[in-house]
Asker: 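Would you mind keeping the following structure in view while I ask a few things?
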2 protein chains.
Amino acid sequence: MKQRATSFDIAYQAGVSQSTVSRALRNSPLVNEETRKRVQAIAKELNYKVDKNASNLRSQHTGTLALLLFEDPTTDDSLINPFFLSMLGSITRAAARKGYDLLVSFQQLSDDWHADYEDASKADGIILLGYGDYVDYAEKLKKLYEQGTHFVRYGSVAEDQPGVSFGCDNFQGGYLATQHLIALGRKHFAFLGDATESAPEFWARYQGHCKAIQEAGLDVRSECQISAISTEESGFVAGKKLLEKDIQIDAVMGASDMIAIGAMRAFQENGLKVPDDIAVVGFDDIPISHFTNPPLTTIQQNTKLAGEILIESLVNLIHGVEVKASLTPAKLIVRKSCGCG
Amino acid sequence: MKQRATSFDIAYQAGVSQSTVSRALRNSPLVNEETRKRVQAIAKELNYKVDKNASNLRSQHTGTLALLLFEDPTTDDSLINPFFLSMLGSITRAAARKGYDLLVSFQQLSDDWHADYEDASKADGIILLGYGDYVDYAEKLKKLYEQGTHFVRYGSVAEDQPGVSFGCDNFQGGYLATQHLIALGRKHFAFLGDATESAPEFWARYQGHCKAIQEAGLDVRSECQISAISTEESGFVAGKKLLEKDIQIDAVMGASDMIAIGAMRAFQENGLKVPDDIAVVGFDDIPISHFTNPPLTTIQQNTKLAGEILIESLVNLIHGVEVKASLTPAKLIVRKSCGCG
DNA sequence: CTGAAAGCGCTTACAG
DNA sequence: CTGAAAGCGCTTACAG
């Protein structure tokens, strides 16, 4: 392997000082047009690339952003929540467009991640992605915030959270989905998914769900909310539990697509027809929901927009620009699982 | 934001030299047990983290690996090939286990990526991931290799490729899938997917497919191989084209799951029943294939194993250990789209 | 517009 | 086992 060229090599060849090389390479207006061209030509010829470690060390910033992806502790080793994967894609793209590199790391909620990334000066800022808002998590957020770490997160958006949060309008999503069911004549609802403060996104979806039911003059039956985390298996189990209760149900909202898909399997295994006997809506619009049987009507989170907002806000934060939390709109995607399309 | 502590701060508090601090923190055997404990305690208290830029600059390695994900140029902006996403997950995990960070970057084949990552000393090595093996790509590989860059790639494994490649045993996969169709009594085959040298993975799958047909004493009909890239839409179009040919077909192999899924849609739209009228197999075992209607029988690429091998090999390469190309086995996953399961 | 010099925060010979 | 010193390759005041 050939030795890499340094700015001194270029300086020598160009007959200028190393400082001038450094300036020329970064298109400093201070440097003579002609000198700059000459220097850049030589740099290209020598296949020179600035040493990021050196430049970062000196200038005290890194040009990279860290994405910390928290996984639900119960998630099996091989399967990452498909929704995160799609966020990951859009975040990576948005970061690239802004000229930042992206360091990706999967974290277990239990890890002592504690600002490791920015502290280790590996990143200028951090993006936090992950369901839930466990007590533990909130505490760490606070610590991050107090340390002055630049970070944004995607998930639930609440008043009292430290730092800047973005998320889908979960309440609106739950409301829209349920309104859709109501418009199709459904009357007896169930909601599958945790509706507690440790799962604030699901909770907001549930609130929207309840509001739509109440507005329609129908009853919210608390026994029809059954806990589940965002996996197919958990949705399946919740679906079974619902059936065991033996109460009248003609429409089910899953707190996520994975839950809805699992529930559909439970219903179909029990001989129920979706949507004829029971309508099902999901939430997320993961790619799989196109292909389920029947295709799943769901609420889309605009991951592309979210990725862009996240990156843009984080970059602003890094540059000292103030940034406010915001919600991206939820959009109903009508397919077949509710009986209309 | 508080100023970060440096090794000098620790040295001062511990009453030792900065060199000793550096050694103690890295668990050097040279340093006294007691001194080490004291230094580490102080470091912890000060919430000290080594500055990676400084340590990397000095020691000339980075502790990070770069994953360059090449996208099919035709792929729409919002949808990343689900198979890559799953590789990404497993690679990230494997890298973390080895103590490396992962820098992720999506590349267009047209970009001048040209070793930017290692050259910019952002990474100790590079993982290349992406379908296809375009002429352009091969040339860049060669350049990387000549520069002494450490890299591994996942995809097709061929003799004449520069660098070390890993991949699924695509030939075996095509063979197994087709054997399965034959065992179920199918006799009239088609293959959907590019079978050219610019898509060597698909090509190998096609070869395996043909071999199984020939071994069964059946005919390979060249008009039954129809080009498609790995998207649902392309598979749909290829499926339509196949039907237009109006030749007898009772079994179709898609070169990838996305192609197979698109083809199923084409068949079903034309009133054909899958698997009764026409059996369909895919390749990849992406999560979606569980949920299609009918669920897709397919060939699984072991992404978890592949991610581990990729990382392990790259780390070995970085440490000067020789590494050989290898194939991970293909595994038939029987679901319903072939009429048995 | 350019150059000489300092220094970012570490690691690692070198000397003891 | 420990310390003083050099130096990784840049960027950036400072001086001209």
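Every chain is numbered from 1, with letters handed out A, B, ... down the list of sequences.
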Asker: Quick check for you: among D/dC10, C/dT2, D/dG3, whose closest atom lies nearest to any side-chain atom of A/L30?
Answerer: C/dT2

Asker: Among the candidates C/dT12, D/dG9, D/dC10, find the nucleotide nearest to the side-chain atoms of B/S59.
Answerer: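 Of C/dT12, D/dG9, D/dC10, C/dT12 is nearest to the side chain of B/S59.
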
Asker: If you measure from the C1' atom in D/dT12 to the same atom in D/dG16, how many Å do you get, rounded?
Answerer: 16 Å

Asker: Find which nucleotide of DNA chain D each of B/Q18 and B/P29 is nearest to by heavy atoms, and output the residue with the more 5' nucleotide.
Answerer: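 Nearest nucleotide further toward 5': that of B/P29.
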
Asker: Starting from P on D/dC10, measure out to CG on B/N56 and report it in whole angstrom.
Answerer: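 The answer, rounded to whole Å, is 15 Å.
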
Asker: With a 3.5 Å limit on both atom pairs, tell me what C/dG16 is paired to, counting Watson-Crick and G-U wobble, or say none.
Answerer: D/dC1

Asker: Looking only at side-chain atoms of A/L57, point me to the closest of C/dG9, D/dC10, C/dT11.
Answerer: C/dG9

Asker: If you look at every strand shown and take non-hydrogen atoms under 4.0 Å, does B/T6 touch a base, only sugar-phosphate, or nothing?
Answerer: sugar-phosphate

Asker: Using atom CZ of B/R38 as one end and atom P of D/dC1 as the other, report the distance to the nearest whole Å.
Answerer: 14 Å

Asker: Taking for each residue the nucleotide of DNA chain C bearing the nearest heavy atom, is the 5' side occupied by B/F8 or by A/T20?
Answerer: A/T20

Asker: Provide, to the nearest angstrom, the distance between the CZ atom belonging to B/R58 and the P atom belonging to D/dC10.
Answerer: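 Distance check: B/R58 CZ to D/dC10 P gives 16 Å.
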
Asker: From C/dT12, D/dT2, D/dG3, pick the nucleotide closest to the side chain of B/S22?
Answerer: C/dT12

Asker: When you compare the side chains of B/Q40 and B/N27, does any donor N or O come within less than 3.5 Å of an acceptor on the partner?
Answerer: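 Yes, because at least one side-chain N or O of B/Q40 sits under 3.5 Å from a partner of the opposite role on B/N27.
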
Asker: Atom CZ of B/R26 to atom P of C/dA13: distance rounded to whole Å?
Answerer: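 Interatomic distance, CZ of B/R26 to P of C/dA13: 11 Å.
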
Asker: Taking CG from A/N27 and C1' from D/dT11, how many angstroms apart are they, rounded to a whole number?
Answerer: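 To the nearest whole Å, that distance equals 15 Å.
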
Asker: Please report, rounded to the nearest Å, how far the P atom of C/dG9 is from the CG atom of B/L25.
Answerer: 15 Å

Asker: Could you state the NZ-C1' distance from A/K52 to D/dG9, rounded to the nearest angstrom?
Answerer: 13 Å

Asker: Output the single nucleotide from D/dC1, D/dC10, C/dG3 whose closest atom is nearest the side chain of A/S19.
Answerer: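 Of the candidates, C/dG3 comes closest.
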
Asker: Look at the rings of B/Y145 and B/F151 and say which category their plane angle falls in: under 30° parallel, 30 to 60° tilted, over 60° perpendicular.
Answerer: perpendicular

Asker: Looking at D/dA4, D/dC10, C/dT2, which one has an atom nearest to any side-chain atom of B/S17?
Answerer: D/dA4

Asker: To the nearest Å, how far apart are B/R23 CZ and D/dC1 P?
Answerer: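 In whole Å, D/dC1 P and B/R23 CZ are 12 Å from each other.
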
Asker: Out of C/dT11, C/dA4, C/dC10, which has the shortest distance to the side chain of B/D51?
Answerer: C/dC10

